[in-house]
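This one's a predicted model, so the numbers in the text were calculated from it and none came from an experiment. All chains are named by letter (A, B, ...) in the order of the sequence lines, taking the proteins before the strands, and each is independently numbered beginning at 1.
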Number of protein chains: 2
Amino acid sequence: MAAHRERSRCPIAYCLDVLGDRWTLLILRDLAFKGRRYFRDFLGASEGISTKILTDRLQRLERGGLAVKAPDPTDRRRAKYFLTDDGLDLLPVLIEMIIWGTHRHLDPELSAERLARVSGDRAGTIRRYREEHIAEREIALQEVS
Amino acid sequence: MAAHRERSRCPIAYCLDVLGDRWTLLILRDLAFKGRRYFRDFLGASEGISTKILTDRLQRLERGGLAVKAPDPTDRRRAKYFLTDDGLDLLPVLIEMIIWGTHRHLDPELSAERLARVSGDRAGTIRRYREEHIAEREIALQEVS
DNA sequence: CAATTTAACTTGCAAAAGGAAAGTGACAAG
DNA sequence: CTTGTCACTTTCCTTTTGCAAGTTAAATTG
């Protein structure tokens, strides 16, 4: 996709080199908010990604420095995936998408409380998810060394 | 794309029904930040969208209630496109993408001032773009009546 | 220990989406 | 009226995705 078009100077276009496809964003969501870590966890998401696309997108995220893989010391066939610090810098984008999607789609009555909580304290929400992710990541990476 | 998969309950997944492709996001950028209004304006963006994809995406945005078309009273062959209020609700997402893209890609020295300005006052930036867009849209829609 | 299962991919084929360029119909200009 | 412009539309080819089966290495079972 990066080879698709000459890269323009606009930051959104650059951002889209990484994010301009649905599957990548869903994987980021799973990593950031759903605690999915193993390959098979992502397969379990309800959107039904194929193994081929999942493999491709995880590799892209790794190569692009947005995700990292910590081999599982208890089972060498598998590894846990985590967002890097650069990957975590996308949390604000993802949070705004949640807010927009919630506001537009779900029953306003049911979502009012949740929406108010997240949008009322974006920075707090982001910081919480970030810190939890980093803590889990560091532990997983240490177990490998 | 909406028919692609059973729609999940996750707001991000719903958001991606609208936003899960690169071209749509680039068009939203053009509408929101670059003042592009006419069909040919979007063709002029450096990413080089084809007329087929542009037509398709503009129609999707209209059908989805995110964009509206005001016929040009001076030339019946063309119309001006604008974001609706729902479309403008995506500004926070786009702004966060700009911030992320700027931070990650461009020379930090050159972008430090711009980045600081936008991220330092997200709400102010969003409000400014929103109000300008609405003002221009209302004028264009009135000229039609 | 061998057989079976599991986990993460990989492959093959069909369908869908996108790219490039030419074509079409309606409107505008001279 | 002829020619040019504008917004699409069509055609053909390439790329990506969807679906399902296949492969390899590691783990588990008996």
Side-chain angles (χ1 to χ4, degrees), chain A residues 1-8 13 16-27 30-31 36-63 67-82 140 143-144, chain B residues 1-8 13 16-27 30-31 36-63 67-82 140 143-144:
Chain A
M1 198 164 56
H4 204 66
R5 219 32 94 185
E6 175 191 316
R7 185 181 300 170
S8 69
L16 292 181
D17 288 343
V18 174
L19 289 194
D21 87 284
R22 182 165 176 267
W23 294 116
T24 301
L25 284 158
L26 289 170
I27 292 166
D30 288 347
L31 282 167
R36 291 199 169 104
R37 299 288 178 260
Y38 296 115
F39 190 91
R40 74 184 177 198
D41 293 342
F42 302 104
L43 292 178
S46 62
E47 293 82 14
I49 190 171
S50 71
T51 56
K52 182 165 70 171
I53 299 296
L54 178 56
T55 300
D56 179 64
R57 295 300 190 277
L58 285 172
Q59 286 175 359
R60 286 193 200 180
L61 286 171
E62 276 187 90
R63 283 198 310 264
V68 70
K69 205 173 166 180
D72 188 332
T74 67
D75 187 344
R76 288 174 50 197
R77 292 172 300 180
R78 66 188 194 178
K80 283 186 176 182
Y81 290 87
F82 294 96
E143 288 177 335
V144 176
Chain B
M1 197 161 57
H4 205 66
R5 214 41 87 186
E6 175 189 313
R7 185 181 300 169
S8 70
L16 292 183
D17 289 342
V18 174
L19 289 193
D21 89 285
R22 183 164 177 267
W23 294 117
T24 300
L25 282 159
L26 288 170
I27 292 167
D30 287 348
L31 281 168
R36 293 200 168 105
R37 299 288 179 261
Y38 296 115
F39 191 89
R40 74 185 177 197
D41 293 342
F42 303 103
L43 292 179
S46 62
E47 293 82 15
I49 190 172
S50 71
T51 57
K52 181 167 69 174
I53 300 297
L54 178 56
T55 299
D56 178 65
R57 296 299 190 281
L58 285 172
Q59 286 175 359
R60 284 194 201 180
L61 286 171
E62 276 188 89
R63 282 198 310 262
V68 69
K69 206 171 165 181
D72 187 334
T74 67
D75 187 341
R76 286 175 52 198
R77 291 172 301 180
R78 64 187 194 177
K80 283 185 174 181
Y81 291 88
F82 293 96
E143 289 177 332
V144 178

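- Side chain B:Arg77 to base D:dC6: no donor-acceptor pair is found below 3.5 Å.
- Counting to the nearest Å, the P atom of D:dA7 and the OH atom of B:Tyr81 are 8 Å from each other.
- For B:Trp23, counting side-chain heavy atoms from C-beta on, the closest listed nucleotide (D:dA27, C:dG18, D:dT9) is C:dG18.
- For the pair A:Trp23/A:Leu54, no side-chain contact is recorded, criterion being any heavy-atom separation below 4.5 Å from C-beta on.
- When the C1' atom of D:dT15 is taken as reference, atom CG of A:Asp56 falls 12 Å away, rounded to whole Å.
- For the pair A:Ile53 and A:Arg76, nearest-nucleotide mapping onto DNA chain D gives the more 5' position to A:Ile53.
- A:Leu16 is not listed as a side-chain neighbour of B:Glu47, based on a closest heavy-atom distance of 4.5 Å or more.
- Side chain A:Thr55 to base C:dT10: no donor-acceptor pair is found below 3.5 Å.
- Atom CG of A:Leu54 is separated from atom P of C:dC9 by 8 Å (rounded to the nearest Å).
- Between the CD1 atom of B:Ile27 and the P atom of D:dC8 there is a distance of 12 Å, given to the nearest Å.
- Residues B:Leu19 and A:Leu25 fail the side-chain proximity criterion, which asks for heavy atoms closer than 4.5 Å.
- Rounded to whole angstrom, the span from the CG atom of A:Leu26 across to the P atom of D:dG18 amounts to 11 Å.
- When the salt bridge (charged side-chain N to carboxylate O under 4.0 Å, His left out) test is applied to A:Asp56, the partners found at least two apart in sequence or on another chain are A:Arg60.
- Look at CD on A:Gln59: it is 9 Å from C1' on C:dC9, rounded to the nearest Å.
- Atom NZ of A:Lys52 and atom C1' of C:dA7 are 19 Å apart (whole Å).
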